Protein chains: 2
Amino acid sequence: MPVGFNVDEMKRLDEVVEKRRRVKQGELLFNSGDTFTSLYAIRTGFFKTCVTSEDGREQVTGFQMAGEIIGMDGIVSDRHNCNAVALEDAEVCVMPFATVEDLSRELPALQRHVHKIMSREIVRENSVMMLLGNMRAEERLAAFLLNLLQRLHARGLSQSELVLRMTREEIGSYLGLKLETVSRAFSKFSEEGIIEVKQRYVKILAPEALKKIFNPQTYF
Amino acid sequence: MPVGFNVDEMKRLDEVVEKRRRVKQGELLFNSGDTFTSLYAIRTGFFKTCVTSEDGREQVTGFQMAGEIIGMDGIVSDRHNCNAVALEDAEVCVMPFATVEDLSRELPALQRHVHKIMSREIVRENSVMMLLGNMRAEERLAAFLLNLLQRLHARGLSQSELVLRMTREEIGSYLGLKLETVSRAFSKFSEEGIIEVKQRYVKILAPEALKKIFNPQTYF
DNA sequence: ATTATCTTTTGATGTGTATCAAAGTTCTTT
DNA sequence: AAAGAACTTTGATACACATCAAAAGATAAT
């Protein structure tokens, strides 16, 4: 978890973890409408969060991996506002929010950490709004891949290859595209020699080309 | 501000307001890249927040009115991540975030309040993602108008008429549409007798029709 | 192993919104 | 009051992505 804590504070931090919980692939960690009690720190596995409109349209709002925190959507109304689904077998630390609040009153570093996590989520969603509001299909996919790679790389994994945990349809939902469009964009990148794709496996052959697609003006 | 405080606590809350600041129409409250120091509670006036991509594309991420808090995007990196522009002459309470954190360690109700405000923003952005990812132009505009009306109504204003503070282009940027499309959607609603539009003035003639456009399936 | 289901790819066609353009309206400046 | 700038509306056309369709490939179930 966070840095900037001394040994004594680290011990106290253990208090916030009530228990661990395993979630199998396809299962829900929480559902929209569920009473909010806890935040969840992902230890292993991969999740998607999504909201559903009353007429059944689904929007994936994010993909979360080990080390990330989910559940903050529930704080405002004491009910979760989205669904969290495990895209692979996962284990999370259950952190009752009341405990988090209690302890963060005593540990300013924890308090600050909680604020940063929520702020980071706000900033992330701002950039998704930019993506959905202003970018074309290929730019969206390039941004998506670069973001995933960067997060995986921060976890010690390769920055040149990855295995997608989600379907084309889920990627499309996140990016505001149909699955066929996502598939075509993958094929286009592949034809251009930018990536190598074999189903969910993706290898980045030309990272600079991807960055150029994502952010055209930087390269004149 | 918030409810759930006793008289003594209310007094302490005054401490978080360092001073007030006036922002004239068109002026910036803060800019992307500015050092983050404070949250701002809007006393009067109307703001937009927007992010800009490196190649100059602008995405309006929100419109904020009296009683709402802005600036939370800056917490994560100690720098603001978006611009906040006054769309009409405004006055804000400057609340240094360090003070907010200090005091919320002593006042659990304030702590909870801060958490709720940030969570509310996360949830709002989730629904904007749904809007941008899944809805057609007219649905987006209907959702936008209904949201504005609801917030104005909560402030004691009419729920059947409003004066827009932003241009068609700014509405379009928020909704992921071009200004012409926004204009056409307004005209369409007007032709159908759902609203009356005279430039920035909008009167809702058939609120149910608007809700039906926003959320078709509820009405069979 | 075999069948059924789910996922992905690719092609043909359709459509909603963008783009381009121009005129009208309102607001601001002098 | 006049001129200029900014904003809005409306029409004509273009295009990016959606939709429809079908086949191929992977995964799960029996």
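As the structure is a prediction and not an experimental result, all values here were calculated from the model. To find a chain, count down the sequence lines: A is the first, B the second, and so on, and within it residues start at 1. Heavy atoms only: backbone and side chains are in, while hydrogens, waters and symmetry mates are out.
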Interatomic distance, [X] [atom1] vs [N] [atom2] [rounded to whole Å]:
X	N	atom1	atom2	answer
Arg184(B)	dC20(C)	CZ	P	14 Å
Arg168(B)	dT19(C)	CZ	C1'	19 Å
Arg57(B)	dA18(C)	CZ	C1'	14 Å
Glu196(B)	dT9(D)	CD	P	13 Å
Arg165(A)	dT8(C)	CZ	C1'	18 Å
Lys188(B)	dG16(C)	NZ	P	10 Å
Tyr201(A)	dT27(D)	OH	C1'	20 Å
Met166(B)	dA6(D)	CE	P	20 Å

Next on the checklist: Tell me the bend of the helix from dA1(C)-dT30(D) to dT30(C)-dA1(D) as the angle between end helix axes, each from five pairs, rounded to the nearest 10 degrees.
Outcome noted: 60°

Checklist entry - Any chance the rings of Phe30(B) and Phe36(B) have centres within less than 6.0 Å? => result no

What do you reckon, is [atom1] of [X] surrounded by more than 12 foreign heavy atoms closer than 6.0 Å?
X	atom1	result
Glu27(B)	CD	yes
Glu169(B)	CD	no
Glu58(A)	CD	yes

Next on the checklist: Just by distance, no angles: are the side chains of Asn134(B) and Gln59(A) close enough, under 3.5 Å, to form a donor-acceptor pair?
Outcome noted: yes

Next on the checklist: For a quick check under 3.5 Å, do Glu18(B) and Thr99(B) share a side-chain donor-acceptor pair by atom type?
Outcome noted: no

Picking from [options], which would you name as closest to the side chain of [X]?
X	options	value
Glu180(A)	dT8(C), dC20(D), dT9(D)	dC20(D)
Gln199(A)	dT10(C), dT17(C), dA26(D)	dA26(D)
Val197(A)	dA12(C), dC17(D), dT9(C)	dT9(C)

Next on the checklist: Using heavy-atom distances to pick each residue's nearest nucleotide on DNA chain D, tell me which of Arg136(A) and Lys198(A) is more 5'.
Outcome noted: Arg136(A)

Identify whether any heavy atom of [X] sits under 4.0 Å from a base atom; if not, whether one sits that close to sugar-phosphate; answer base, sugar-phosphate or nothing.
X	value
Leu179(B)	base
Arg200(A)	sugar-phosphate
Ser187(B)	sugar-phosphate
Gly172(A)	nothing
Thr167(A)	sugar-phosphate

Checklist entry - Does a nitrogen or oxygen in the side chain of Thr181(A) sit under 4.0 Å from OP1 or OP2 of dA16(D)? => result no

Next on the checklist: Would Arg165(B) pass as a cation-pi partner of Phe63(B), given that its NZ or CZ must be under 6.0 Å from the six-membered ring centre and within 45 degrees of the axis?
Outcome noted: no

Checklist outcome for this item: With Ile171(A) as partner, the option from Leu177(A), Thr181(A), Leu179(A), Leu164(A) fulfilling side-chain contact (heavy atoms from CB on, under 4.5 Å) is Leu164(A)

